[in-house]
Amino acid sequence: MDKLRVKLTMRLSNLLATIKSADCIHKTAIVLSIALIPLTAHTATNQNRFQTYVIHTYGGDALLPAVRQQLNASRHSGTVATYQDKLILRTTPANYQAVQQLLTQIDRQPQALTVSVRVGNDSSTQNNNQQGQVVITNRGIRGAASINQQNSHQQSNSLYQVQTLSGSAASIGTGTLWSLTQNYYPTVSTYPRSPGQIIIQQQVLLPTTKGISVTPKLLPNGQVEVKLSQVEETLIRSNSSYNRQSVSNNRIQGQSLNSTLIVPRGQWVNIGQISQGSQNQRTSGSSYGVTNNYNSVPISLLVQ
């Protein structure tokens, strides 16, 4: 009988322990479920909170339209500005990730481009001299004539070459300062002064410039957009040996070009030409002469 009572007591104790354990598990599950609700809400709030991001880029201002379009298409939008080559982004973490994916596709390191500009000079001169003589005597009329023709042709060119990154400006050139003797006192200006000339006592310094300034930009289709400025100045001296150093008998001859164009890469393209021609006639007694002068300045561009 006593053994039976002991067994019943042990079973009752185990049953009570089981009930208490189940009740504890139930309460714990309720507490965990309550705690998960604010944690999920807190995570969602962080995803929608605006933060400031600084992104280093190659494109800078050129990326603004694409990034703004990406932000405006999102639910929470955002703002973007540039500082130097950096994007200053104010948006949500989700939008930041989307902008980062966009930049990996469109913001690439710019390629190096080599721009070459060739300025030619093709000059030709033709002299035609005719001389005739008519003699009338008792025996009749006699005549004699001579024709003399002289031709000269001269070619030269200047080549400018500079390397830069796509979208970045570059320039290259040379300058010369010519020293000429002034025939007049510095206080008395009886001739028009050339722009940029410098007068030191009786010496006049005239600067001349030759060079180019370019901004090439590689386009998605493989062609290149080029903004080009080119200038070439030359001092033209007097033919007289006595007056070669006189300011009033010398002049600066200049040629310049400013253009924006799209050219294929790796090909020479003729982008401009200056042509000049003149004719001089001479008559003296029985002689007659004609001189024809022709000058051509072709300008070509190559981007590699």
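The figures that follow rest on heavy atoms only: side chains count, while hydrogens, waters and symmetry mates do not. All residue numbers in this chain count up from 1 along the given sequence.
No side-chain heavy atom of Thr91 sits less than 4.5 Å from a side-chain heavy atom of Val99. Here the side chains of Leu87 and Thr82 are in contact, with some heavy-atom distance below 4.5 Å. Between Glu232 and Val297, every side-chain heavy-atom pair lies at or beyond the 4.5 Å cut-off. Counting heavy atoms from C-beta outward, Thr92 and Arg75 have side chains that stay 4.5 Å or more apart. Thr215 is not listed as a side-chain neighbour of Thr164, based on a closest heavy-atom distance of 4.5 Å or more. Within the 4.5 Å cutoff, no side-chain heavy atoms of Gln51 are placed close to those of Leu89. Thr114 places a side-chain heavy atom less than 4.5 Å from the side chain of Gln161. With contacts defined as side-chain heavy-atom distances shorter than 4.5 Å, the pair Leu302/Arg118 does not qualify.
If you take OG1 on Thr208 and CD on Gln253, they are separated by 12.0 Å, rounding to the nearest 0.5 Å. The distance from atom CG of Leu228 to atom CD1 of Ile271, rounded to the nearest 0.5 Å, is 5.0 Å. Atom OG1 of Thr209 and atom CD of Glu233 lie 5.0 Å apart (nearest 0.5 Å). For the atom pair CD (Gln279) and CD (Gln126), the distance works out to 9.5 Å, reported to the nearest 0.5 Å. Taken to the nearest 0.5 Å, the CG atom of Asn295 stands 8.0 Å off from the OG atom of Ser275. Distance check, rounded to the nearest 0.5 Å: OG of Ser256 to CD1 of Ile274 gives 7.5 Å.
Side-chain atoms of Ser74 and Asn95 include a donor-acceptor pair closer than 3.5 Å. Residues Ser278 and Gln276 have side chains that never bring a donor and an acceptor to within less than 3.5 angstrom of each other. At a cut-off of 3.5 Å, with distance as the only test, no side-chain donor of Asn293 or Thr291 sits close to an acceptor on the other residue. Side chains of Asp85 and Thr57: no donor on one and acceptor on the other come within 3.5 Å. Side-chain contact of Gln273 with Ser296: a donor-acceptor pair under 3.5 Å is present, judged by distance alone.
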Decide yes or no on side-chain contact (heavy atoms from CB on, under 4.5 Å) for Gln255 and Val119, but give the supporting numbers first. CA-CA 10 Å; Gln255 168 268 318; Val119 181; 3.9 Å; yes
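Around the NZ atom of Lys227, the shell of radius 6.0 Å holds no more than 12 heavy atoms that belong to other residues, nucleotides or ligands. The neighbour count for Gln154 CD, taken as heavy atoms of other residues, nucleotides or ligands under 6.0 Å away, does not exceed 12.
Contact between Ser124 and His153 at its shortest, heavy atoms only, is CB-CD2, 3.8 Å.
Within the 3.5 Å criterion, the main-chain N or O of Lys217 finds no donor-acceptor partner in the side chain of Glu225. Here the side chain of Thr174 pairs no donor or acceptor atom with the backbone of Gly211 at under 3.5 angstrom. Judged by distance alone, the side chain of Asp107 and the main-chain N or O of Tyr58 form a donor-acceptor pair under 3.5 Å.
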